[in-house]
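Contents: one structure, followed by commentary.
Residue numbers start from 1 in every chain, and the chains themselves are labelled A, B, ... in the order their sequence lines are given, proteins ahead of strands.
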Amino acid sequence: MNMPLQRILYVEDDPSIQTVVKLALELVGGYQVEVCDSGRAAVAALQRFRPQLALLDVMMPGMDGPTTLQHLREQFGFERLPAIFMTAKVQPAEVAVLKSQGALGVIAKPFDPMTLGGELERLWSGQPQ
Amino acid sequence: MNELILPNMLQSASSGSVWRHPVARRFLLVYCLLAFTALTGLAAVLYLMRQQALGQSERELANLGHLLAGQTRDMIRSVDIVLRDTREGLMRAKQAGEVQTPAYLHEHFRQRIAGVPQIRSMVLTNASSEIIGHSLTPTPRLAISDTSSFRAHLLHDSNKLHVAEPRQSRIDGQWGVALSLRMEDEHGQFDGIVGAAIDPNVVQQFYRSIDLGEGTAVSLFRADGTLLARWPQVANSIGLSYSNDEIFTQLLSNKEQGFAVLDSTVDNQRRLLFAQRVGEYPFVIAASRTDVATFADWRRYATVLAGATLLLLLCTSWLMLRLASQETRRRSAEDELTGTAQRLRLIDLASPVGLYVADATGQLSYVNPAYTQLLGVPAVRLLSQAWITLLHPDDREAVSRAWLQAVGRGESFAMEYRYLCPDGRLLWVSNRAELTAASEGRGGFVGSIEDITARREREQLLREALSLQNAVLDGTAYSIISTDRSGLIRSFNRGAEQMLGFTAAEMVGKATPARFHDLQEVVARAAVLSVELGEPIPVGFEVFVTKARLEGVEEREWSYIRKDGRRIPVLLSVTPLRDELGEINGYLGVAHDLSEFRKVDKLKREFVSIVSHELRTPLTSIRGSLGLVAGGIGGALPERANELVRIALQNAERLVRLINDILDIERIDAGQLTLRAQCTEVMPLLEQALADNQGYADHHGVRLQCFGQVNGALVEVDVDRFGQVMANLLSNAIKFSHSGGGVEVSVMRDGTRLRIEVCDHGPGIAPAFRDKLFERFSQADSTDARRRDGTGLGLAICKSLMAQMHGEIGCDSSEGAGSCFWLSLPLQGLPTGPADMRPPSLAPRILLLEQDESCAAQLARPLVEAGFPVELVYEANEALLRWESGRFGVALVGPRAVSGGEGRLEQIMSRDHQARAILLLGDTPTAMPVDARLPWPLEPQQLLASLRRVLVGLRSAQVLLIDHDRALQTQLGAVLPQGVALDGADTLTAARHMLCCRDYDLVLLDPALPDGDGLALLPLLYGLPLRPEIILHTSEAALDTGLTGALQRLPKDGSVEAMADLINQKLRQRRGQEDTP
């Protein structure tokens, strides 16, 4: 069994959504959340924060979510960093593509902030041991 | 006219029918009377002439007879007188006693006969018949007692002259007739006879001296019939008795003279004869003339006369024939002329065509009533005015020129032009005139004018219509193609040329629409039509037109394949073309290029997708913030604020659903909503759907209940989309239920289908609305604000989704008693199912290169029916383009594929030949490394078998173990070699699921399964495109049903290794080294 989920690296370019997610995860879920507003910032924060899970927006300027994940996993010790994507594009084909890139799951936007933590827990616990 | 009639007349005259004409018969009658009269006259004349000739002869003969009789009597009388004188003288002398010496007597007699030349001699006898005196010296010493004269005088005391029969004189040997008298003494006693011999020659010489004429004879008979003299002479006739002759027996029996026509006994000729007694003497004179002589002249005349008459008759008959013939001809010609004239008069009056006679200048000298009616101008005016002035001004010059040209060249005149009638009408006429024979130096015309205004108007309309049609055909972007009944292209417009890249010259009369259709689409459509119509529809032109023929028009989307291989989506509308009898004689296909439409559609879709995404991002914040506030993260809110936040949250969620629905609808419209259909057991899906909606139901205080159980029932659905449909129905039912009410979900089998019902006890649906229920943005009661949190798109989406999953959706409802929505899906894993209902095949796509259309169809059909996706190309270059797209697993090169393509195919194959196969049909020589070379022609089964064998060689072997013992799978997996993938299924349901999802090379089947008999899988197995090898893994011996007879058996008690060996052996066989039985 894994460590309980505590530290989540959250990458999102939209400040409003950042706020909502941070509130939802910290206040409702009780997690420790590091918010980065770009892939570059996330890579920078990785070694310092050492997250257990990356929660990534897909469509971001500069570096998109899958690329960010690729970069994160290039870092030493994070080769198998679990990740969950959040996206407004929820067509089955798109979801399948994202899942094929090694994500635990995909959370559709908009989401219910009150159940977001529970959803993360569910996906976290379903990952391979 | 004469020239026309005469040949007919000649013909009828020669065939004898000239006598049918009454004139000719009259001629014949008159001629016959004439000929009869002439012949009768001739006969009468001849008769009269003959009588006359007869009379003439009679007269001549009578005269001759009288003359000769008179002359003969005189001659005899002179002899008689000489004798009587002599007798008297002698008797007196004797009485006087004179001695009568022979010399005296001799002298006496000589004196007596001097001057009587007819007496040749005289004789005197005594009573004892001794000659005592004779005119000759010396006096012969003879007794003539034996003579008839002596005996007649001795016996008869008569003083009459006796005539003896002619006899030869015993004295001088000459012929003579003795005349004698009796001598008496003074006592009157017989005293001898005195006689004189008459010389017949003297008589004959006398007869000779008379010109008797031709054929005339004169005879002198003694009265008893003895012939004394005759001229002309007849040998040996003198002295003979002709007493039996008709002269003596009849003619002179009691008459002195008479005529007779008799056959002469003298010379045996038929004669006219006149006989007369010679006075008082016993002589008969006969003058006769032969018939020939009698009628010689008559005959001559008669011959001449008859000849002349006959000649006359012949001449007159010839003349009569000529006359009759001529007269008949003349009369017939007259009749004909009369008839013709009458007909011409009638035609002239009745003709709708205007007829006229004009001179060379165009001046009319005659017009018929139709002419004046056509122009609406009185005849008087037409005849007094040059008709050219009535013409339409624009036509005058041309007509005038043409007329003068016709006159100049002596040709007929024919022209179409316009009259401008006085009443303002424009009259189109066709004027045709023939030149008549030149009279008085210049020819004229006889002609007709025909009203062709209506025809001209029709032609004008037709020209306009044709020009419009051409403009439409050439100007349109639509591809418009017409074909004959068999599909051969008859017209190919510019739009079609542009759309397809073929030129009309390449297609018209040479190809059928199959040339640019996607064969696979055609084959698939043929299968669907065959099922729909219940009769086999052949792959070919019939596929395009059968529906159109039955329903008048068929509109359907197809793919056209351009000459360069590019596909174009088109909307094709096919209409039958009919002839005037209503029989179909062709078809018209109008196709609209949907590419632009699709492009725009794609843009729209992308736009909708982007907009949706862009809407979602702010909505995420709103939804999230509201959610947090409503969740109390920002602290407790006053109740009113809480209520407002709740409303805002609900509507934010509704907005999200709306965006999702719009996205779905948009994808459905575009046909882009791809479903990942899979064989699934239905019960778990239903349970999941109920669970998902339990929260919503709890929230509304509605109880969800499920009825029915269909264990093991398989459906082929996209699991997520099925959930979406169920959620929609359930949420609707919950939403429209009263709090505390219930929603019942029932599931049941319905033949070969599965039926799911979701029923509520809400207000129901008004019948008027029920039809619109599945339309977009429709909600039953738009005033019921409390209920309105749907988007109005849900049921429309459900309908589309169900249709894509080969299912149906519907609603039974009665207002006030709740609604019942139902779903119906085909059950899977059943042995029967049309070919086109099979799941999307996992089999590789086949590129078929074949130039010949029918051959291509023959090849493609079995492949498509076996479940292989097939694309057909006709040209090698095009084939290469498509092959490079990488979508194909197999290239099938047909027996009549265009040469030149194999080499390039070979290049492609050498570059990229992994998991790709090339099959070559026929004996085309090529260096291409083909995977299989197959003979042609080939049975469809052989083609499929070869194809399967090649295909299974291209990938790793897949084995499915169907056995209730799960442990066996693990054990078997451990002993099977690398490269053989093993799947397991421990129930019938799972096995069905697996077979729907993957193609297997080999299936190991233990029929004893917990949820049913495994043999039920056999039909499914046999129907798979790549039919797997099957091994029955069973200990039961009693499994010999029809289905299992030929299957490989494997006893249950064998080792796992033996099992693996058999599997390996079977797989090797399948990979093509040996053909599997």
Side chain to side chain contact (heavy atoms under 4.5 Å, CB included) test vs B:L628 passes for just one of A:L27, A:T19, A:V28, A:V21, namely A:V28

At their closest point, which heavy atom of [X] faces which heavy atom of [Y], and how far apart are they?
X	Y	answer
A:K109	B:T620	CB-OG1, 3.3 Å
A:M114	B:G631	CE-CA, 3.4 Å
A:P110	B:V656	CG-CG2, 3.0 Å

Anything in residues 10-17 of chain A with a heavy-atom distance to chain B below 4.5 Å? Please list those residues in order. A:D14, A:S16, A:I17

Counting only non-hydrogen atoms closer than 4.5 Å, can you tell me which residues of residues 35-67 of chain A sit against chain B?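 Within residues 35-67 of chain A, near chain B: A:M59.
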
Got a donor-acceptor contact below 3.5 angstrom from the B:R616 side chain to the A:A88 backbone?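 Yes, because the side chain of B:R616 sits within donor-acceptor range (under 3.5 Å) of the backbone of A:A88.
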
Side chain to side chain contact (heavy atoms under 4.5 Å, CB included) partners for B:L685, two or more places apart: B:T680, B:V717, B:V719, B:F722

Who in residues 639-652 of chain B is close to chain A, using a strict under-4.5 Å heavy-atom cut-off?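 Answer by number: none.
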
Which atoms of B:L615 are under 4.5 Å from chain A, going by heavy atoms: the side chain, the backbone, both sets, or neither? neither

Find the distance between CD (B:E653) and CG (A:D112) and round it off to the nearest 0.5 Å. 6.5 Å

